[in-house]
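See below for the structure under consideration.
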Amino acid sequence: MISNQPPPEKMMFQLTLRRRGISDQAVLRTMEEVPRDEFVDEADREGAYRDSALPIACGQTISQPFVVAYMTEQLQLQKAHRVLEIGTGSGYQAAVLSRLAGQVLTVERYRKLADVARARIEKLGYHNVEVMLGDGLNLPPNIGPFDRIIVTAAVEQLPENLVERLEVGGILIAPVGPHQGVQTLVRLSRTETGIERKELVEVRFVPALPGVAREL
Ligand code: SAH
């Protein structure tokens with residue numbers, strides 16, 4: 001008899017996310033559906049469903065699944081949302097966002113990472129994702145506004161230039177803190193009257209750096 005149970009490593013993956021407090025069913029379902037093993041290096045495929053960050057090209061990392069699920073849950077995504085991600089990396093977070101939102105624009109400063117992520121996202125059929133090479137901290141003024149903005153590299157301060165691109169009712173989430181060490185995940189909500197700020201959990205991200213990378 002053919003079982004339609006997910007493979008054991010995926011069952012553990014779900015259990016870990018639930019145990020750590022992820023409760024949004026749509027987020028959990030998406031985490032189950034998006035194949036993380038397609039976003040890691042060949043050599044790391046076997047460990048793709050463990051709850052840890054892994055190295056990718058250009059000295060960067062694919063985030064820990066719990067952090068991806070947590071940030072996604074905090075964004076409270078709806079199908080009509082236009083989402084901006086800064087820090088494409090492997091493209092995994094962008095793929096997760098794309099299943100829950102309307103359109104995703106993701107920006108990466110390394111050409112190699114942007115090209116690999118774009119090809120991978122296309123191959124996997126996530127048609128509502130656009131991968132852009134650029135400096136996410138210094139985007140041209142005509143980009144935006146967005147309903148949701150997610151920064152997946154550590155910033156020392158919240159970039160004003162991104163906060164400005166948030167619609168009323170919008171949410172921005174970013175790891176704020178020193179480049180080396182621990183950052184705090186901060187969530188900003190833009191209301192009719194101003195900005196609300198909430199500090200969430202401690203995280204560790206690679207730094208957000210200025211400019212498009214010179215290296216390939
Ligand atoms: N979200 C990614 C992981 C991000 S790692 C994933 O799901 O795999 C952080 C990424 O941010 C790195 O790839 C890094 O090169 C990129 N980055 C850092 N500073 C940036 C900037 N100013 N603009 C765009 N991307 C940046």
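Since the model is a prediction, treat every value here as computed from it, not as a measurement. Whatever order the structure lists ligands and atoms in, that order sets their numbers, starting from 1. Scope of the values below: all heavy atoms of this structure, side chains included, with no hydrogens, waters or symmetry mates.
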If you take the nearest heavy atom of each of [options], which one is closest to [atom]?
| atom | options | result |
| --- | --- | --- |
| atom 2 (C) of ligand 1 | I62, L133, T88 | T88 |
| atom 8 (O) of ligand 1 | G89, P159, S90 | S90 |
| atom 14 (C) of ligand 1 | Q60, E85, K112, Q93 | Q60 |
| atom 26 (C) of ligand 1 | M132, R109, R36, M71 | R109 |

Heavy-atom nearest neighbour in the protein, as seen from [atom], with distance rounded to 0.1 Å:
| atom | answer |
| --- | --- |
| atom 16 (C) of ligand 1 | E108 OE1, 3.4 Å |
| atom 9 (C) of ligand 1 | T152 O, 3.3 Å |
| atom 11 (O) of ligand 1 | G87 CA, 3.1 Å |
| atom 23 (N) of ligand 1 | G136 N, 2.8 Å |

To the nearest 0.5 angstrom, please state how far the [atom1] atom of [X] sits from the [atom2] atom of [Y].
| X | Y | atom1 | atom2 | answer |
| --- | --- | --- | --- | --- |
| E156 | Q183 | CD | CD | 9.5 Å |
| R109 | I86 | CZ | CD1 | 12.5 Å |
| L28 | E73 | CG | CD | 7.5 Å |

May I ask you to list the atoms of ligand 1 that are less than 4.0 angstrom from any heavy atom of [X]?
| X | value |
| --- | --- |
| L209 | 18 (C), 19 (N), 20 (C), 21 (C), 22 (N) |
| T61 | 3 (C), 4 (C), 5 (S) |
| V206 | 5 (S), 9 (C) |
| A153 | 11 (O), 18 (C) |
| G134 | 23 (N), 24 (C) |
| A208 | 18 (C), 19 (N) |
| D135 | 21 (C), 22 (N), 23 (N) |
| L113 | 13 (O) |

Carboxylate-amine/guanidinium contact [X] [Y], below 4.0 Å:
| X | Y | result |
| --- | --- | --- |
| E199 | R197 | yes |
| R82 | E167 | no |
| D115 | K112 | no |
| E130 | R118 | no |

Residue-ligand contact [X]/ligand 1, heavy atom below 4.0 Å:
| X | result |
| --- | --- |
| P210 | no |
| G211 | no |
| N138 | no |

Would you tell me whether T88 and E108 have side-chain atoms, one donor and one acceptor, within less than 3.5 Å of each other?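 No.
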Using a cut-off of 6.0 Å, state whether more than 12 heavy atoms not belonging to E32 lie near its atom CD.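 Yes - once you tally the heavy atoms of other residues, nucleotides and ligands closer than 6.0 Å, there are more than 12.
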Within the supplied structure, the quantity of interest is the number of heavy atoms (other residues, nucleotides, ligands) at a distance under 6.0 Å from K123 NZ; does it exceed 12? no
For the residue pair V83 and A101, what are the closest heavy atoms and their distance?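 Smallest heavy-atom distance, with atoms named: CG2-CB, 3.6 Å.
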N128 side chain vs Q103 backbone, donor-acceptor pair below 3.5 Å: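 No, the answer is negative, given that no donor and acceptor are paired below the 3.5 Å cut-off.
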Given V27, which partner from the list V96, T72, L75, L77 fulfils the side-chain contact (heavy atoms from CB on, under 4.5 Å) test?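 Exactly one option meets the side-chain contact (heavy atoms from CB on, under 4.5 Å) with V27, and it is T72.
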Tell me the contacting part of P207 for ligand 1: side chain, backbone, both, or neither, using a 4.0 Å heavy-atom threshold, strictly below. backbone
At a non-hydrogen distance cut-off of under 4.0 Å, which region of Y92 contacts ligand 1 (side chain, backbone, both, or neither)? both
